[in-house]
Visitor: 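There's a structure below that I have some questions on.
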Amino acid sequence: MNRLKNSPIFQFLLRLDGLLCDAWNRSLPGRWLTCQDATRSVFTPARMLAPRVRGLLGGALGWFPMPGFPVEALFAAAALVLAPILPTMAVLALVCLCMGFSLLRLASDRDAALSPSPLNVHIALYAVVIFWSTATSVNLRGSLLSGMLTMAFVLFFYGVTSSGLERHLDKVLWLLLAAGVGVSLYGFYQACFPERYSDVWTDTDLFSAIAFRVYSTLANPNVLGEYLLLMIPIACSMLFSADSRKERILCLLAAGIMGVCLILTYSRGCYLGLLFAAAVFLVLLDRRFLFLGILAVALCPLYLPDSVIDRFASIGNMADSSTSYRVRIWLGSLAMLKDFGFSGVGFGTNAFNTIYPTYAMHGVYTVHAHNLFLQILCDSGIVGLLVFLGLLVSFYRMMLTAIRHELDGRARIMQIGGVSAVSGFLVQSLTDYTFYNYRVMLLFFGMLGLGVLFTRMGIQEDAA
């Protein structure tokens with residue numbers, strides 16, 4: 001960890017993070033949104049009409065059966081919990097309602113402001129990058145819808161952190177587990193009746209033992225695996241921090257059900273992501289778990305099914321059509337970046353496919369680069385990639401600082417779970433474009449927001 005922190009790349013990104021945050025705090029929008037100068041705030045005219053606004057809304061801003069649970073928090077929770085189940089546009093409606101009510105509260109409440117977070121400026125900058133790459137796309141019409149959807153789901157981070165969701169965070173986490181279990185049980189149903197589904201999603205010549213890969217409500221086994229990578233560490237965190245035996249049993253069952261469902265996706269990238277997430281979780285929890293993890297990995301052949309072992313062993317095997325397909329896509333994308341690496345081709349798969357076929361290797365065509373970081377570079381160039389990396393550095397800096405100085409044991413475990421979930425997801429992102437599914441992308445930025453809420457759960461000692 002110390003070697004990583006002392007590396008030139010990490011220090012450069014850390015310095016860039018500090019410069020951007022300082023510039024934002026001194027800027028007029030930054031002062032407006034954080035109400036550092038309330039007399040000149042952009043919301044001052046609306047706040048003068050606060051009583052009238054509240055009257056027109058009929059008290060809707062504070063309505064919900066649970067006291068202290070604002071309506072914008074209700075929509076934020078609904079978007080997080082129902083994202084893997086509802087269609088994308090229905091989730092977008094929930095996000096818009098959450099953001100709309102949040103803006104109304106900012107406009108009508110003199111004391112309201114964006115909740116302070118080190119990630120605020122980075123999220124705003126990434127939204128600006130998406131807007132710019134959409135506006136300058138080589139295929140503007142094709143980029144418009146995906147760009148606007150992505151901007152809305154990225155900005156949902158503010159809905160999670162500033163809607164008052166932390167007041168009922170425990171209830172939201174239990175609902176997230178319930179949704180994860182429901183999605184997984186539907187995956188089990190698919191595994192029991194594969195003849196009712198036509199998609200196999202695997203190279204049957206190389207993996208004859210794998211007859212079917214489950215995908216549940218997310219239409220693709222890799223996407224289902226990405227969703228479970230975000231949920232399983234949260235279930236494990238709740239397991240380790242549970243107060244009663246009943247809660248521990250429920251969390252253990254939820255983690256086990258989702259873990260088995262992830263195995264049935266047969267997604268090698270997700271397998272690696274889950275192993276990495278588990279390693280991060282255990283090492284941050286107690287360094288002595290490192291040796292136990294090494295032993296567990298060494299004994300894998302004794303307890304894992306042959307079909308899973310075969311999938312692991314095939315990593316890097318160019319005879320596998322999936323592996324060779326990805327490698328050729330990466331080579332074609334890198335060839336395209338020689339001409340478009342600085343500015344990118346524009347946001348979204350439509351812009352990517354306008355240019356990529358010219359550079360495709362051996363006639364291998366695709367809708368995206370099958371690597372999140374490579375796709376961001378193709379979409380918005382080096383600036384977009386640096387902004388996204390700065391966002392990740394800021395997240396890890398915030399979370400690791402909180403973990404180091406946290407005095408509350410339960411809060412510390414939840415913070416470890418948030419770091420583990422994001423880490424496992426990013427490992428899978430090396431082999432797939434994990435933002436291709438908008439609902440999973442929403443959950444990723446929602447997880448960043450939940451990470452911010454986890455840092456507020458306990459009491460931290462003075463970092464100085």
Side-chain angles (χ1 to χ4, degrees), residues 1-5 7 9-10 180 221-240 255-256 258-301 303-304 308-309 311-316 322-323 326 330 370-374 388-389 391-393 395-400 403 412-435 440-441 443-445 447-448 450-451 454:
M1 183 63 68
N2 290 332
R3 184 178 299 176
L4 175 63
K5 289 183 176 179
S7 66
I9 295 177
F10 187 89
N222 293 326
V223 175
L224 173 60
E226 292 154 14
Y227 165 69
L228 295 174
L229 281 176
L230 293 173
M231 293 298 108
I232 292 173
I234 299 303
C236 293
S237 296
M238 295 175 67
L239 169 65
F240 277 84
M258 290 189 286
V260 173
C261 186
L262 189 144
I263 291 175
L264 293 176
T265 66
Y266 291 101
S267 172
R268 291 165 292 188
C270 290
Y271 288 171
L272 293 175
L274 184 62
L275 287 176
F276 188 76
V280 171
F281 186 96
L282 293 174
V283 170
L284 289 177
L285 190 65
D286 190 326
R287 293 182 181 179
R288 290 172 293 184
F289 277 117
L290 179 62
F291 302 102
L292 181 62
I294 294 173
L295 180 63
V297 172
L299 296 178
C300 276
Y303 57 83
L304 285 180
V308 176
I309 297 297
R311 288 292 284 176
F312 265 119
S314 68
I315 295 176
S322 177
T323 301
R326 278 174 166 78
W330 295 338
H370 280 280
N371 179 296
L372 174 62
F373 306 97
L374 188 58
F388 184 71
L389 292 177
L391 170 64
L392 296 180
V393 168
F395 172 79
Y396 279 103
R397 181 186 183 188
M398 173 191 70
M399 297 300 291
L400 294 176
I403 291 169
R412 183 174 181 271
I413 291 175
M414 296 308 302
Q415 293 157 11
I416 291 172
V419 171
S420 303
V422 172
S423 299
F425 186 90
L426 292 176
V427 168
Q428 164 65 0
S429 298
L430 296 174
T431 62
D432 206 358
Y433 178 38
T434 48
F435 287 177
V440 169
M441 177 185 63
L443 288 168
F444 174 80
F445 286 98
M447 185 59 66
L448 298 185
L450 289 176
F454 293 153

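By convention here, the first residue in the shown sequence is residue 1. Values reported hereafter were calculated over all heavy atoms of this structure, with side chains retained and with hydrogens, waters and symmetry mates removed. What you see is a predicted model; the values in this text were computed from it and never measured.
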Visitor: Give a yes or no on whether the backbone of M399 and the side-chain of Q415 come within a donor-acceptor separation of less than 3.5 Å.
Guide: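 It does not hold such a pair.
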Visitor: Side-chain contact test, heavy atoms from C-beta onward, threshold under 4.5 Å: evaluate it for L400 versus L284 and give yes or no.
Guide: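 Yes, at least one pair of side-chain atoms sits under 4.5 Å.
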Visitor: My understanding is that only residues two or more places apart in sequence, or in another chain, count here; which of them pass side chain to side chain donor-acceptor pair (under 3.5 Å) with T434?
Guide: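 Only S429 meet the side chain to side chain donor-acceptor pair (under 3.5 Å) criterion with T434.
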Visitor: Can you tell me how far CG of L224 sits from CE of M258, rounded to the nearest 0.5 angstrom?
Guide: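 CG of L224 is found 11.0 Å from CE of M258.
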Visitor: Looking only at non-hydrogen atoms, find the nearest pair between L228 and L262 and report the distance.
Guide: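 Looks like CD1-N, 3.5 Å.
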Visitor: Okay, side chain of Y227, backbone of G180: is any donor-acceptor separation there less than 3.5 Å?
Guide: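 At least one qualifying donor-acceptor pair exists.
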Visitor: Counting N and O atoms only, with roles assigned by atom type, does the side chain of W330 sit under 3.5 Å from a partner on the main chain of H370, one being a donor and the other an acceptor?
Guide: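 Checking the backbone N and O of H370 against the side chain of W330, a donor-acceptor pair under 3.5 Å is found.
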Visitor: What's the separation between atom CG in L391 and atom OH in Y396, rounded to the nearest 0.5 Å?
Guide: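 Rounded to the nearest 0.5 Å, the CG-OH separation comes out at 11.0 Å.
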Visitor: Please round to the nearest 0.5 Å and tell me the distance separating atom CG of L282 and atom CZ of F240.
Guide: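 The CG atom of L282 sits 6.5 Å away from the CZ atom of F240.
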Visitor: Of all residues at least two apart in sequence or in a different chain, which pass the side-chain contact (heavy atoms from CB on, under 4.5 Å) check with V427?
Guide: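 Applying side-chain contact (heavy atoms from CB on, under 4.5 Å) to V427 gives L272, F276.
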Visitor: What is the distance from atom CE of M231 to atom CG of L443, rounded to the nearest 0.5 Å?
Guide: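 Here the interatomic distance stands at 5.5 Å.
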Visitor: Among all residues two or more places apart in sequence or in another chain, which pass the side-chain contact (heavy atoms from CB on, under 4.5 Å) test with C236?
Guide: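 I232, A255, F281.
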Visitor: Can you name the closest pair of heavy atoms from A277 and S420 and give their distance?
Guide: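 Answer, listing the atom of A277 first, then S420: CB-O, 3.3 Å.
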Visitor: Does the N371 side chain pair with the main chain of L430, one donor and one acceptor, at a distance under 3.5 Å?
Guide: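 Yes, the answer is positive, given that a donor and an acceptor are paired below the 3.5 Å cut-off.
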Visitor: Do you know the tightest heavy-atom contact between C270 and Q428?
Guide: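 Closest approach of C270 to Q428, heavy atoms only: N-OE1, 3.1 Å.
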Visitor: State the CG-CE distance between L229 and M447, to the nearest 0.5 angstrom.
Guide: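 Interatomic distance, L229 CG to M447 CE, rounded to 0.5 Å: 10.5 Å.
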Visitor: Quick one: ring-ring contact (aromatic ring centres under 6.0 Å, His included) partners of F444, sequence neighbours excluded?
Guide: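 F425, F435.
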Visitor: Measure the spacing between CG of L448 and CE of M398 and express it to the nearest 0.5 Å.
Guide: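 These two atoms lie 7.5 Å from each other.
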Visitor: With distance as the sole test, does S237 use its side chain to make a donor-acceptor pair with the main-chain N or O of I413 at under 3.5 Å?
Guide: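 Side chain of S237 to backbone of I413: a pair is present.
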Visitor: Should L426 and F373 count as side-chain neighbours, where that means a heavy-atom distance under 4.5 Å?
Guide: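 Counting from C-beta outward, L426 and F373 do come under 4.5 Å.
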Visitor: Residues two or more places apart in sequence or in another chain: which of them pass side-chain contact (heavy atoms from CB on, under 4.5 Å) with L239?
Guide: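 Once residues adjacent in sequence are excluded, the partners of L239 under the side-chain contact (heavy atoms from CB on, under 4.5 Å) criterion are R248, C251, L252.
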